[in-house]
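Both ligands and their constituent atoms are indexed starting at 1 by order of listing.
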Amino acid sequence: HAKAAGRNNYQFFDQRMNQAAARRFELESNLRGALGRDEFELHYQPIIDTATRRLHALEVLLRWRRAGGRLVGPDEFIPILEENGTIVPVGEWVIRSACEQSVAWQAQGLAAVPLAINLSARQFMHDGLVESMRRIVGETGIDPALVEFEITETALMQHGGQTLEILRQINGMGMRLSIDDFGTGYSSLAYLKRFPVRKIKIDRAFVRELEASAEDRAIVAAVMALANSLQLSVVAEGVETEGQYALLGSYGCQFAQGYLFARPLPACDTARLLVIEPTVIPGSQ
Ligand code: C2E
Ligand code: MG
Ligand code: MG
Ligand code: MG
């Protein structure tokens, strides 16, 4: 009896494994041509200045628009692109498209707002990265000061000896660097003083329960103290409530990003945030 039940469990598990494998195979084969079929699109999420609640920058977030219109988020497909190496051309497409969009917005008279573009570990390890960035800057005419790259601690650590040199080259082109998902990766803090990084993004995991958790408040306070003494600016990710926002402000966190302010938006909705209001000219009396 026990043996039969065990066998059933095994079959059930096996079936689920097959479903997961089939789904993954389906995703992987459809992803293969997605770039060529022009199925990727970029959404933009505001990062605001906590003191003024004004727009400070836009994080560029990749989406896959599948045939039929369904929008797929990066957590579902970036790991596959990372594994099969396609993240390199897709990542290059992201950088180029974001830069083209920024230049187009400026040509329409819209505000020039910095873009925060995510880089994955595999992209960061790819030899042609710096060269492709240089080419994109040259071809699109973007002001490199408007481009910031977000890299996780884990991605930085994986690259070993060459990391510093690559960061210096990116920085040398006038582009900025920030540490994404700060506090969740395996790393020593020593890299913060060695690497030309200007900003850290506190992971959503420490923001989520900020109001209820004294431990999370202690962590955020400690990160703020560290950042202040190293002269790094800080963005809090995943701010969803006014309470979180108020607490972050009280800790001196300069920038915030989250559903409280805006979800990631398609380009057309983003453009509305970039309208420059003409100055009001008061009467002479
Ligand atoms: P990330 O860089 O940490 O981006 C922030 C993620 O948090 C985004 O998820 C964003 O939609 C989500 N988020 C923002 N505010 C809130 C909030 O208040 N609550 C909650 N629950 N979530 C919030 P998204 O767009 O699904 O992206 C997930 C991850 O995929 C990103 O995490 C980033 O690591 C990666 N990714 C996105 N676009 C790209 C890309 O172009 N290239 C690479 N290499 N990775 C990308
Ligand atoms: Mg990011
Ligand atoms: Mg992040
Ligand atoms: Mg994150």
* To do: Can you label the angle between the W64 ring and the F77 ring as parallel, tilted or perpendicular, going by 30° and 60°?
  =>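 Correct class here is perpendicular.
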
* Asked: Do the ring planes of Y245 and F261 sit parallel (below 30°), tilted (30 to 60°) or perpendicular (above 60°)?
  ->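 Taking F261 first and then Y245, their aromatic rings stand perpendicular (interplane angle over 60°).
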
* Asked: CD1 of I202 to CD of Q257: how many Å apart, nearest 0.5 Å?
  ->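 Separation between the atoms: 12.5 Å.
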
* Nearest neighbour of atom 15 (N) of ligand 1 from the list Q45, E237, Q257, on a heavy-atom basis ->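 Nearest option to atom 15 (N) of ligand 1, by heavy atoms: Q45.
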
* Name the option, out of F124, Y259, W93, that contains the heavy atom nearest to atom 22 (N) of ligand 1. =>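 It is Y259 whose heavy atom sits nearest to atom 22 (N) of ligand 1.
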
* Asked: Do T270 and Q45 have side chains that get closer than 4.5 Å, going by heavy atoms?
  ->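 No. Closest side-chain heavy atoms not under 4.5 Å.
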
* Asked: Do you know how many protein N, O or S atoms are within a distance smaller than 2.8 Å of the Mg ion (ligand 2)?
  ->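 Counting protein N, O and S atoms closer than 2.8 Å to the Mg ion (ligand 2) gives 4.
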
Under-4.0 Å heavy-atom contact with ligand 1, by part of [X] that carries it:
X    : answer
D203 : neither
I117 : neither
D181 : side chain
V94  : side chain

* To do: Please identify each residue that fulfils ring pair (Phe, Tyr, Trp, His ring centres under 6.0 Å) with H43, with sequence neighbours left out.
  =>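 Result, ring pair (Phe, Tyr, Trp, His ring centres under 6.0 Å) vs H43: none returned.
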
Is it true that atom [atom1] of [X] has more than 12 heavy atoms of other residues, nucleotides or ligands lying nearer than 6.0 Å?
X    : atom1 : result
R54  : CZ    : no
R168 : CZ    : no
R66  : CZ    : yes

* To do: Please report the C-alpha distance between M133 and F149 in whole Å, then the side-chain angles of each, then the deciding distance to 0.1 Å, and finally whether the side chain to side chain contact (heavy atoms under 4.5 Å, CB included) criterion is met.
  => CA-CA 11 Å; M133 288 175 175; F149 290 104; 3.5 Å; yes

* **Under 3.5 Å: N/O of E240 near N/O of ligand 1** =>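 Yes - when backbone and side-chain N and O of E240 are compared with those of ligand 1, one distance drops under 3.5 Å.
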
* Do ligand 1 and P264 have nitrogen or oxygen atoms that lie under 3.5 Å from each other? ->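 No, no N or O pair falls under 3.5 Å.
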
* Asked: Do N118 and E59 have side-chain N/O donor and acceptor atoms under 3.5 Å apart?
  ->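 N118 vs E59: donor-acceptor pair found between side chains.
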
* Is it true that the side chains of Q254 and T50 contain a donor and an acceptor less than 3.5 Å apart? ->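 No pair is found: no donor N or O on one side chain lies under 3.5 Å from an acceptor on the other.
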
Is ligand 1 less than 4.0 angstrom away from at least one heavy atom of [X]?
X    : value
G91  : no
E59  : yes
K201 : no
R63  : yes

* Test log, rule salt bridge (Lys or Arg N to Asp or Glu O under 4.0 Å), inputs R24 and E83 -> CA-CA 12 Å; R24 168 141 184 147; E83 212 175 287; 3.2 Å; yes

